[in-house]
Amino acid sequence: MSNDISAIDIPHELVICLDHVGIAVPDLDAAVEFYRSAFGWVNHHQETNEEQGVTEAMIGPKHLKETDGMIQLLAPLNENSTIAKFIDKKGPGLQQMCLRTSDIEALSKHLTEQGVRLLYPAPKVGTGGAKINFVHPKDAGGVLLELTQPA
Ligand code: CMX
């Protein structure tokens, strides 16, 4: 297999790091407390995203470096939430993995040219005002893959 990334015309710096993994949880406070008492990780940011139907907490080591991957705890806002449906079907657990990009429009264009399906025709608003989109799990080896460009 060729390692020549220029063959598919995508700059190395377009995808920066693993931003977070997302875990569906029924009780946000209990999950935050688990990571605090078990690992000493702290809640760096919490918000409610009505459009996505979630309240979320971003968990990481106390002294966080810019490219440290975090854990995103996702609790459903109501029974119609994607996260409520996920918990009903599969139980609590790993729901998604998220890559950070410097340019979500360029990455989306690149992916759709490769035949990879994105869930939204244009990015929506995610954590802290980031631009987000998702690759369908069927096109990413069974993983719901979020793409985020921080605000
Ligand atoms: N990870 C891996 N596979 C998943 C999945 C997930 N999280 N969710 C669904 N799937 C699989 C299903 O198992 C199913 O596979 P099979 O056909 O083999 O059974 C397939 O994908 C399609 O599932 P579906 O029941 O038809 O579709 P859903 O109603 O479950 O919706 C999805 C799936 C990805 C479209 C939906 O979860 C979605 O829109 N996700 C994006 C938004 C989101 O997750 N928001 C919450 C987080 C917000 C945030 O991160 O800020």
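Side chains included, hydrogens not; waters and symmetry mates left out as well; all remaining heavy atoms used. Small disclaimer: the values here were computed from a predicted structure and weren't measured.
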> Residues two or more places apart in sequence or in another chain: which of them pass side-chain contact (heavy atoms from CB on, under 4.5 Å) with L14?
Replying inline: I10, P11, T101, S102, D103, A106, L107
> What pair of heavy atoms forms the shortest contact from P61 to H44, and how long is it?
Replying inline: O-NE2, 2.8 Å
> With ILVMFWY side chains joined below 4.5 Å, transitively, what does L77's cluster contain besides itself?
Replying inline: none
> How would you list, by chain and number, every residue that makes a side-chain contact (heavy atoms from CB on, under 4.5 Å) with T67, sequence neighbours excluded?
Replying inline: I16, C17, R100
>> For residues M97 and V116: do they belong to one hydrophobic cluster (side chain heavy atoms under 4.5 Å, members Ile, Leu, Val, Met, Phe, Trp, Tyr)?
In response: yes
> What heavy-atom pair brings G126 and N49 nearest, and what distance separates the two atoms?
Replying inline: CA-ND2, 4.0 Å
List the atom pairs, with distances to 0.1 Å, where a side-chain N or O of residues 137-148 and a protein N or O form a donor-acceptor pair under 3.5 Å, not counting sequence neighbours.
from	atom 1	to	atom 2	distance (Å)
D139	OD1	R117	NH2	2.9
D139	OD2	R117	N	2.8
D139	OD2	R117	NE	2.9
E146	OE1	H20	NE2	3.2

> Do I23 and Y35 come close enough that some side-chain heavy atom pair is under 4.5 Å?
Replying inline: yes
> Which residue pairs pass the salt bridge (charged side-chain N to carboxylate O under 4.0 Å, His left out) test when at least one of the two sits in residues 69-86, sequence neighbours left out?
Replying inline: none
> Got a second to check how far Q95's CD is from I83's CD1, nearest 0.5 Å?
Replying inline: 3.5 Å
>> Restricting to non-hydrogen atoms, name the atom on A130 and the atom on P150 that form the minimum distance, rounded to 0.1 Å.
In response: CB-CA, 3.9 Å
>> For A75, give me all partners under side-chain contact (heavy atoms from CB on, under 4.5 Å), at least two apart in sequence or on another chain.
In response: V25, L28
> Got a sec, which pairs hit salt bridge (charged side-chain N to carboxylate O under 4.0 Å, His left out) with one end in residues 33-45, sequence neighbours left out?
Replying inline: E33-R36
>> Once side-chain hydrogen bond (donor to acceptor under 3.5 Å, both in side chains) is applied, do any residues pair with Q149, and if so which ones, sequence neighbours excluded?
In response: none
> For G93 and F86, which heavy atoms make the closest approach, and how far apart are they?
Replying inline: O-CE2, 3.9 Å
>> Side-chain heavy atoms under 4.5 Å apart, restricted to Ile/Leu/Val/Met/Phe/Trp/Tyr: what other residues fall into the cluster of M58, or is it alone?
In response: L64, M70
>> So which atom in A151 and which in G129 form the shortest heavy-atom distance, rounded to 0.1 Å?
In response: CB-O, 3.7 Å
> Is it true that I71 and L74 fall in one hydrophobic cluster, defined by side-chain heavy atoms closer than 4.5 Å?
Replying inline: no
> Sequence neighbours excluded, which residues qualify as side-chain contact (heavy atoms from CB on, under 4.5 Å) partners of D88?
Replying inline: none
> Could you give the distance from NZ (K109) to CG (L118), rounded to the nearest 0.5 Å?
Replying inline: 13.0 Å
> Should V125 and I132 be counted in the same cluster of Ile, Leu, Val, Met, Phe, Trp and Tyr side chains packed under 4.5 Å apart?
Replying inline: no
>> Show every salt bridge (charged side-chain N to carboxylate O under 4.0 Å, His left out) that has at least one partner inside residues 60-78, sequence neighbours left out.
In response: none
> Honestly curious: do F134 and L94 fall in one hydrophobic cluster under the side-chain, below-4.5 Å linking rule?
Replying inline: no
>> So which atom in S81 and which in G53 form the shortest heavy-atom distance, rounded to 0.1 Å?
In response: OG-O, 2.8 Å
>> Would you say V54 ends up clustered with I87 if hydrophobic residues are merged whenever their side chains have heavy atoms under 4.5 Å apart, either directly or through other cluster members?
In response: yes
> How many angstroms lie between CZ in F34 and CG in L73, if you round to the nearest 0.5 Å?
Replying inline: 10.0 Å
> What pairs of residues pass the side-chain hydrogen bond (donor to acceptor under 3.5 Å, both in side chains) test when at least one of them lies in residues 122-136, not counting sequence neighbours?
Replying inline: E51-K124, E56-T127, Q72-T127, E105-K131
